[in-house]
Colleague: 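Okay, here's the structure, questions in a sec.
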Amino acid sequence: MDAGAGLLHRLTSYAPDRDWDVPADDPRVRHDLISNDMSTVPPFMKIYPDGLPVIALPRDLPDPGVSATSVLAGVPVPARPLDAAQLGRVLFLGAGVVRTKPWHGRDFLFRASGSAGGRFPLEVYASTRGVDGVPDGVHWYDGAEHALVQVGPAAEGEVTTLVVTGVPWRTGWRYAERGWRHMYWDAGTLLSQLSVAVASAGSAPRVRSLFPDAAVRKLVGADGVHEQPLALLSLGDGAPAIGTTGAATPGELPPVELPLCTAAQRAGERDELGAPWPEPTLSDVPPSGSVDVVVRRRGSQRLMDRSRTLPRTSLEWPMAAAMRGVDVPHWVVVHGVDDVASGIYRWPDLSRPRLTGELRDELERICLDQTLAADAAYVVIGAAPLSLLDDRSYRDAQLTAGLVEGRLHLGAYALGASATGMTFLDSEVPALLGEPDDLATLLFTCVGVPEYASRSGGGPGAPVEIRPVAERFKDE
Ligand SMILES: Cc1cc2nc3c(=O)[nH]c(=O)nc-3n(C[C@H](O)[C@H](O)[C@H](O)COP(=O)(O)O)c2cc1C
């Protein structure tokens, strides 16, 4: 607990006696940073020098018309070869810019998948193999221009592989060292969207969280301090194309370091390639819109209608899809679901509540007075005993919780409900769930009846401008 990821977890845990933006009283966290200081705000994306080869991806996205629920259920789609337009569609449905809002004299860029506090700290690279219209190589995805910038030579390996990296400072600018946890949450939600897009395109999505960090850092030009590799997603079975054959152009990032994040990341570095995460199949597939329609419709619901309930299937199905192949424990706090008594359940057992009763006020308190946690029909909580995690499996657990959030989110929207990720007071969760204090809370997701319909996101190069809806806080 006094080093690596465990130390970061402890020093970035929220408790009622300290405001979220006040650093812990410990010299290992930075005390000189001011949260949300516009004079230090980092750019939305990495910046590359002119002169690198750029491929403009087709802006007309080839929607294969596959239902979101079928790929969320893991039902395979007949294999199809990949071309530039389809690879572009996959990248756009994860990391493309879909919405904007005016923000301090510039456009704030919302990506297709959500991000804690809208900080969007992730970058995505495609190490391509045999994609029609894209030379084999390592390419950075420019989600605003919908273009690939080639940053490195073709890698060794068999299958096109996406590399997701995180920039700690981009989220640390608001959340300081806790942002390292957010990078893994966000990467999980991004992977959920990239995976459904990959599956619908006719390639098997193969997520790996165990990979040789130093080699992958070299592959994409990430230094491990200002940019850190988080996960791989291969498009099909076979050896991922991650064998570096030459140096990558590093690109430009603000030189701000959060030493606790560097240490936590380093402590988990390994030198092996793990097996892909399991992708079991559900037999039950309710009807829904296509992957493309559901992904573009999704947003983070700012207001939910607490006077209305969700049907039991809108809890059972999205949760079953979200938890496919996942062994990280999850709990469900039910506020308003037909035929399920209010209370706390340990998924998948909805027959025996751990606790019954009205928990809306308590959830609101634990979620830092954010009313969504009380207005939701149900709130899902991922958590795992810290003593069972090492520096690498801690990363896996955070990433898994993010993947569950992302799939649950898509599943909810596919069935006409709405969702939002949610942060929490760490210190209060073990008692809520009746678990030992050693329980490390990973992530909350609120699912409920939408009070308004979000505007669908725009296409490549044509994001829609939104006027954001403000969420409610207690006593407002
Ligand atoms: C992991 C995660 C945690 C989040 N936590 C909160 C939260 O505590 N409160 C909240 O109102 N929204 C939360 N959000 C929603 C983000 O603010 C939202 O994703 C972001 O502003 C982008 O907007 P969009 O999801 O509508 O595209 C969270 C999102 C994610 C992915």
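In listed order, ligands and their atoms are each counted from 1. Predicted model only: the values in this text are computed from it and were never measured.
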Colleague: Which one of G117, G188, S300 has a non-hydrogen atom at the shortest distance from atom 24 (P) of ligand 1?
Modeller: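 Checking each option, the heavy atom nearest atom 24 (P) of ligand 1 is found in S300.
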Colleague: Is it the case that ligand 1 has an N or O less than 3.5 angstrom from some N or O of T423?
Modeller: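 Yes: some nitrogen or oxygen of T423 is under 3.5 Å from one in ligand 1.
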Colleague: Is there a donor-acceptor contact under 3.5 Å from the side chain of Q193 to the main chain of L93?
Modeller: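 Answer holds: yes.
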Colleague: Would you call the rings of W185 and F424 parallel, tilted or perpendicular if under 30° counts as parallel and over 60° as perpendicular?
Modeller: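 W185 vs F424 ring planes: tilted.
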Colleague: Within the structure, does G421 bring an N/O atom to less than 3.5 angstrom of an N/O atom in ligand 1?
Modeller: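 In this structure, G421 places an N or O atom under 3.5 Å from an N or O of ligand 1.
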Colleague: Should one rank A470, A116, S115 by closest heavy-atom distance to atom 16 (C) of ligand 1, which comes out on top?
Modeller: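 Checking each option, the heavy atom nearest atom 16 (C) of ligand 1 is found in S115.
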Colleague: For ligand 1, which is the ligand I care about here, please tell me if E405 has any N or O atom under 3.5 Å from one of the ligand's N or O atoms.
Modeller: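 In this structure, E405 places no N or O atom under 3.5 Å from an N or O of ligand 1.
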Colleague: Where's the contact between E471 and ligand 1, heavy-atom distance under 4.0 Å: side chain, backbone, both or neither?
Modeller: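 The side chain, only.
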Colleague: Could you tell me, atom by atom, which parts of ligand 1 come under 4.0 Å of a heavy atom of F120?
Modeller: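 Counting atoms of ligand 1 from 1, those under 4.0 Å from F120 are 22 (C).
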Colleague: Give the residue and atom name of whichever protein heavy atom lies nearest to atom 12 (N) of ligand 1, and the separation in Å to one decimal.
Modeller: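 Scanning the protein heavy atoms, the shortest distance from atom 12 (N) of ligand 1 goes to R302 NH2, 3.0 Å.
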Colleague: Can R302 and E451 be counted as an ion pair, charged N to O under 4.0 angstrom?
Modeller: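 The answer is no: the pair does not qualify as a salt bridge.
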Colleague: Which is it for H182 and ligand 1 at heavy atoms under 4.0 Å: side chain, backbone, both or neither?
Modeller: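 It is neither part, as no heavy atom is under 4.0 Å.
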Colleague: Is the closest N or O pair between S113 and ligand 1 shorter than 3.5 Å?
Modeller: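 It does not: no N or O of S113 is found under 3.5 Å from an N or O of ligand 1.
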